[in-house]
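The structure appears right after this line, and notes come after that.
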Amino acid sequence: RMAAAERTFSDVKEIILSAHKDTVAEDKVGFYNNWANNYEQDVEILDYRAPYLAAECLSAAFPGDRDRAVVLDVACGTGLVASLLQKMGFQNFHGVDGSEGMLRLAHRKGLYQDLKQCILGAQPLPAPAENYDAVLIVGALSVGQVPCSVIRELWQVTKPGGYVCMTTRANASNREYKEELESVLQLMEQTALWSRVTVLEEDLWEKAVSDQESGYIPGVVYLYRK
């Protein structure tokens with residue numbers, strides 16, 4: 001416990017910057033396996049607010065019966081989003097992540113009825129079509145992580161009338177990815193696959209880690225209804 005407690009912002013900064021390097025999927029998974037044990041503590045040091053903002057955004061818009069709603073948490077990590085949603089009354093969670101290390105920690109929380117390992121973008125999303133009342137992907141949609149092609153898969157596994165909640169960073173290093181992501185979202189809206197519920201732009205997303213930035217970087221939460 002002691003060793004972990006001594007972690008500093010500069011330790012976390014080093015880790016995040018190495019995560020943002022554009023690497024192949026296998027390296028990425030190895031990175032997250034290694035990070036798993038310190039992950040929750042590190043995102044706290046980083047004041048990473050995306051899980052909370054996404055959970056709040058979905059919760060505020062969700063009209064249905066939370067006891068019965070089935071939620072798919074994509075790139076679930078250690079289960080931060082499901083923990084927050086459970087406090088908001090949601091009960092049924094399925095999770096998918098590329099990292100066995102992260103999934104092990106998520107499993108220990110006892111929140112998920114089902115957890116599957118999958119490298120998003122490289123392998124098909126292991127979930128049945130039109131099965132979920134809500135689907136979330138928090139933090140994984142960014143340059144060097146999960147490709148925008150995954151968005152269509154999130155839509156496929158959502159029930160008609162269900163919700164898809166996504167987040168991305170809005171800082172300079174992720175600008176091109178964010179533009180590509182938004183053009184995919186808009187095209188799907190124009191072709192009537194879903195309708196936009198909310199787009200929440202947040203200035204205080206997480207503490208900046210790159211030398212070009214200071215203070216906090218911005219981010220965005222997107223909520224669509226199928």
Side-chain angles (χ1 to χ4, degrees), residues 16 19 28 32 35-62 64 66-120 125-127 131-142 145-146 150-151 153-155 157-159 162-170 181 197-202 204-206 219-226:
I16 304 289
K28 198 56 101 189
Y32 280 107
W35 191 19
N37 287 328
N38 289 313
Y39 177 77
E40 293 202 8
Q41 191 184 5
D42 286 1
V43 293
E44 211 169 299
I45 292 170
L46 198 62
D47 197 16
Y48 176 57
R49 298 180 62 227
Y52 172 75
L53 294 164
E56 279 278 285
C57 184
L58 175 67
S59 180
F62 194 84
R66 296 176 185 217
D67 286 347
R68 300 180 60 183
V70 187
V71 178
L72 180 64
D73 185 2
V74 181
C76 63
T78 57
L80 291 176
V81 175
S83 304
L84 292 163
L85 285 171
Q86 191 197 34
K87 293 185 181 117
M88 297 170 188
F90 293 89
Q91 304 292 325
N92 309 300
F93 301 101
H94 294 182
V96 172
D97 199 90
S99 158
E100 290 285 359
M102 293 282 192
L103 287 168
R104 232 185 342 267
L105 293 174
H107 178 69
R108 274 186 216 157
K109 289 204 164 111
L111 288 169
Y112 295 91
Q113 283 83 38
D114 183 61
L115 285 166
K116 288 195 168 79
Q117 200 252 344
C118 166
I119 297 174
L120 298 160
L125 187 63
N131 191 58
Y132 294 97
D133 299 281
V135 176
L136 297 99
I137 183 165
V138 176
L141 292 172
S142 62
Q145 302 233 32
V146 173
V150 166
I151 302 298
E153 293 186 90
L154 304 181
W155 172 84
V157 301
T158 307
K159 283 180 186 170
Y163 291 83
V164 183
C165 183
M166 301 154 279
T167 72
T168 199
R169 292 182 284 121
L181 173 67
V197 181
T198 312
V199 174
L200 171 76
E201 298 188 9
E202 174 56 58
L204 304 174
W205 193 254
E206 64 183 11
V220 193
V221 181
Y222 307 92
L223 185 66
Y224 281 80
R225 186 167 195 191
K226 184 168 174 176

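These numbers come from a predicted model, not from an experiment. When reading the values below, keep in mind they use all heavy atoms of this one structure, side chains included, and skip hydrogens, waters and symmetry mates.
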Exercise: identify the closest heavy-atom pair between F93 and A82: CZ-O, 3.6 Å
Pair listing, side-chain hydrogen bond (donor to acceptor under 3.5 Å, both in side chains) test, anchored in residues 84-93, at least two apart: none
Interatomic spacing from CG in L223 to CG in L200 - rounded to 0.5 Å: 10.0 Å
Main-chain N/O of V164 paired to K226 side chain as donor or acceptor, under 3.5 Å: no
Flag, side chain of R66 to backbone of S59, donor-acceptor distance under 3.5 Å: yes
Verdict with supporting geometry, D73 and Y112, side chain to side chain donor-acceptor pair (under 3.5 Å): CA-CA 9 Å; D73 185 2; Y112 295 91; 2.6 Å; yes
More than 12 heavy atoms of other groups within 6.0 Å of E44 CD: no
Any side-chain heavy-atom pair of L181 and V220 under 4.5 Å: no
Reported CG-to-NE2 distance for the pair L115 and H107, which is rounded to 0.5 angstrom: 7.5 Å
D67 side, atom CG; F90 side, atom CZ - distance, nearest 0.5 Å: 10.0 Å
Set of residues satisfying side-chain contact (heavy atoms from CB on, under 4.5 Å) with respect to D47, sequence neighbours excluded: R49, K207, Y216
Spacing of OH belonging to Y224 relative to CG belonging to L154, to within rounding of 0.5 Å: 13.0 Å
Given L125, L141, D97, the one that forms side chain to side chain contact (heavy atoms under 4.5 Å, CB included) with L120: L125
4.5 Å side-chain heavy-atom contact, N131 and L72: no
Non-hydrogen atoms of A61 and V197 that approach each other most closely: CB-CG1, 4.1 Å
Side-chain touch V71/Y163, heavy atoms, less than 4.5 angstrom: no
Non-hydrogen atoms of V150 and V146 that approach each other most closely: CG2-CG1, 3.5 Å
Beyond-backbone contact of L53 with T167, side-chain heavy atoms, under 4.5 angstrom: no
Interatomic distance, T78 atom OG1 to W35 atom CH2 [nearest 0.5 angstrom]: 9.5 Å
Closest heavy-atom pair and its distance - A54, V138: CB-CG2, 3.6 Å
Heavy-atom pair of closest approach, residues F62 and D133: CE1-O, 3.9 Å
Ring geometry between Y132 and H94 (parallel below 30°, tilted from 30 to 60°, perpendicular above 60°): perpendicular
Within-4.5 Å side-chain heavy-atom neighbours: V43 and Y39: yes
Nearest-0.5 Å distance that lies between atom SG in C76 and atom NZ in K116: 12.0 Å
Any side-chain heavy-atom pair of L105 and M102 under 4.5 Å: no
Side-chain heavy atoms of L58 within contact of V221, under 4.5 Å: no
Contact check, side chains of L136 and L85, non-hydrogen atoms, under 4.5 Å: yes
Shortest non-hydrogen contact from G79 toward K109: C-NZ, 4.0 Å
Check: K28 side chain, Q145 main-chain N or O, donor-acceptor pair, under 3.5 Å: no
